[in-house]
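Just below is one structure, and these are the notes that go with it.
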Amino acid sequence: MAERVLSRDQQLRALLARQLLLERADLDPVRAVERVGGLQTQYSPSGYVGLWSRTAGLRRTDLTDALTSRRVVQGWMMRCTIHMVSAADWAPLTEAVREPRRTWFLRTVPEARSLDMPAVADRVRGYLADGPLKQAEIVARLAADGLPKAAWTGVQLWLDLVRVPPAGTWGSPRAHVYELAERWLGRRAAPVAGRELLVRRYLRGFGPATPADVARYAGWTITETKEALAGITLREFRGEEGERLVDLPRAPLPPADAPVPVRFLGAWDAVLLLGHASRTGILPAEHRDKVFHVRMPQSTPTFLVDGRVAGTWRFVDGEVRPVPFAPLADPEAVAAEAARLTDFHS
């Protein structure tokens, strides 16, 4: 039987549905971050905006409470970037990417070859013996011990750390206070089937996808990715260019003409990153430099019209102000969603 071909519009709507951007879901923050494969949150308020756009009736205190009660956790994970994930997912997902992250560090950081990273990790564990510390203090202690800046980058790959509130919440955006994960979560990361969970979380949140998409998301080699995929029951499709797409059985596949509401996204929202973004066309190529640029310290918050990035927005003088890239067909719909997001900010 010939494989079903999914058009770009079908793939886009599948992505939006799985990211809860076609319809807000009645989920608490814990279940929501699991459903969408975690939230990339270098700038922590973007996690609040991301959940507000994806769930029904979210209040800022809902996510803050989930962070302070340790039900949602922040830390370096996939691709060595900061993610918010559930406490239950933290250990297996960290385990799934630990060795590839270490390989990346040793290959790309020249100073790494001269560092004994297990010894550096033990040293930082000692710094944290009396409780959490700010990143600046840990870095200063490493420097006082004669270690280079690269030691701090690498230690997060050899020592399981989490970022702890109130740092990394709406009121304190810089998530730069660290604690030992085993102490914060009350357990050590155990060997678990983390690779399978990571694949399932990615396809549930971003699929259908090519094996290369999965590899880029996880930071794996394509060989590691194919090994992980081999242990999972999958269905397969083809994209318009003939590319192989893999997916979980019974995951949502809305029709190509399913209506798409206006949605606002925060900085560094992963829905605009990696292979799924270019394959679905959610971020048109002509606008990419307006959202991600080497001269910007972080990405620019955006809004979607008909499922694709149509402009950016800022919170200025107490209100959300959309800045469209071109005249809008329905500016009232964008203004109405901006007003709702203003209320959330306020």
Side-chain angles (χ1 to χ4, degrees), residues 6-25 32 36 39-41 43 45-58 60 170 205-206 240 252-346:
L6 299 181
S7 70
R8 174 170 279 209
D9 283 344
Q10 286 175 300
Q11 293 179 58
L12 172 63
R13 281 157 176 77
L15 173 65
L16 295 171
R18 298 177 196 200
Q19 283 293 307
L20 310 179
L21 294 169
L22 282 188
E23 182 178 356
R24 285 182 166 96
V36 301
L39 287 173
Q40 189 167 322
T41 53
Y43 180 63
S46 65
Y48 287 77
V49 174
L51 282 182
W52 174 82
S53 288
R54 290 169 165 89
T55 60
L58 181 83
R60 297 203 310 258
W170 182 275
F206 296 91
E240 290 181 338
L253 282 176
D257 59 353
V260 182
V262 172
R263 288 289 184 259
F264 281 67
L265 302 175
W268 293 119
D269 197 301
V271 77
L272 305 183
L273 298 167
L274 307 174
H276 53 257
S278 58
R279 184 167 39 75
T280 61
I282 189 171
L283 177 54
E286 64 269 24
H287 299 319
R288 187 167 185 82
D289 283 351
K290 302 167 190 170
V291 179
F292 303 107
H293 197 282
V294 293
R295 295 177 183 173
M296 295 189 293
Q298 62 189 44
S299 78
T300 301
T302 59
F303 64 89
L304 308 179
V305 174
D306 295 328
R308 292 184 168 87
V309 174
T312 62
W313 62 272
R314 297 182 302 156
F315 185 71
V316 182
D317 296 332
E319 67 177 0
V320 171
R321 296 182 183 175
V323 182
F325 296 143
L328 300 169
D330 188 359
E332 291 81 9
V334 174
E337 188 71 356
R340 287 188 282 270
L341 183 52
T342 294
D343 291 341
F344 180 74
H345 274 75
S346 301

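Atom set for the values below is all heavy atoms of this structure, side chains included, hydrogens, waters and symmetry mates excluded.
By the 4.0 Å N-to-carboxylate-O rule, Arg321 lies close enough to Glu319 to be salt-bridged with it. Contact check on Arg308 versus Asp9 returns a salt bridge, with a Lys/Arg side-chain nitrogen under 4.0 Å from an Asp/Glu carboxylate oxygen.
The two residues Leu265 and Arg54 come nearest to each other via the heavy atoms CD2-NH1, 4.2 Å. Minimum interatomic distance between Val36 and Gln19 (heavy atoms only, all atoms of both residues): O-NE2, 3.1 Å. Minimum heavy-atom separation, Leu21 to Pro261: O-CG, 3.7 Å. Here the shortest heavy-atom pairing between His276 and Val271 reads CD2-O, 3.5 Å. Counting all heavy atoms, side chain and backbone alike, Pro252 lies closest to Ala14 at O-CB, 4.0 Å. Nearest approach of Trp52 to Leu58, heavy atoms of both residues: N-CD2, 3.4 Å.
The backbone N or O of Leu6 lies less than 3.5 Å from a partner atom in the side chain of Gln11, making a donor-acceptor pair. Put simply, the side chain of Ser53 never gets that close to the backbone of Gly50: no donor and acceptor are under 3.5 Å apart. Remark: the backbone N or O of Ala267 is paired with a side-chain donor or acceptor of Ser46 at under 3.5 angstrom.
Phe206 places a side-chain heavy atom less than 4.5 Å from the side chain of Leu15. Between Arg288 and Leu283, some side-chain heavy-atom pair lies under the 4.5 Å cut-off. Using a 4.5 Å heavy-atom threshold, the side chains of Leu273 and Gln40 count as touching. Side-chain contact check for Leu304 versus Phe264: every heavy-atom pair is 4.5 Å or farther apart. Residues Phe303 and Pro324 have side chains in contact (heavy-atom distance under 4.5 Å, counting atoms from C-beta outward).
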- Any chance you could lay out the side chain to side chain contact (heavy atoms under 4.5 Å, CB included) test for Phe325 and Lys290, step after step, and finish with the verdict? CA-CA 9 Å; Phe325 296 143; Lys290 302 167 190 170; 3.6 Å; yes

- Query: Under the side chain to side chain contact (heavy atoms under 4.5 Å, CB included) criterion, do Phe292 and Thr300 qualify, and how do the steps go?
  - Reply: CA-CA 7 Å; Phe292 303 107; Thr300 301; over 6 Å; no

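Counting non-hydrogen atoms of neighbouring residues, nucleotides and ligands closer than 6.0 angstrom, the CD atom of Glu23 reaches no more than 12 such neighbours. Annotation: Arg314, atom CZ; neighbour count of heavy atoms from other residues, nucleotides and ligands within 6.0 Å does not exceed 12. Within 6.0 Å of CG on Asp330 lie more than 12 heavy atoms contributed by other residues, nucleotides or ligands.
Atom OH of residue Tyr43 and atom CG of residue Asp269 lie 14.5 Å apart, to the nearest 0.5 angstrom. Distance OH/Tyr48 to CZ/Phe344: 8.5 Å, rounded to 0.5 Å. Rounding to the nearest 0.5 Å gives a distance of 9.0 Å between CG of Leu341 and OG of Ser346. Considering CD1 of Ile282 and CG of Asp306, their distance stands at 12.0 Å, rounded to 0.5 Å.
With sequence neighbours left out, Arg13 forms a salt bridge (charged side-chain N to carboxylate O under 4.0 Å, His left out) with no residue at all. Residues satisfying the salt bridge (charged side-chain N to carboxylate O under 4.0 Å, His left out) test with Arg60, not counting sequence neighbours, are none. Partners of Arg8 by salt bridge (charged side-chain N to carboxylate O under 4.0 Å, His left out), not counting sequence neighbours: none found.
Note on ring orientation: taking the six-membered ring where Trp is involved, the planes of His345 and Trp170 are perpendicular (angle over 60°, cut-offs 30° and 60°).
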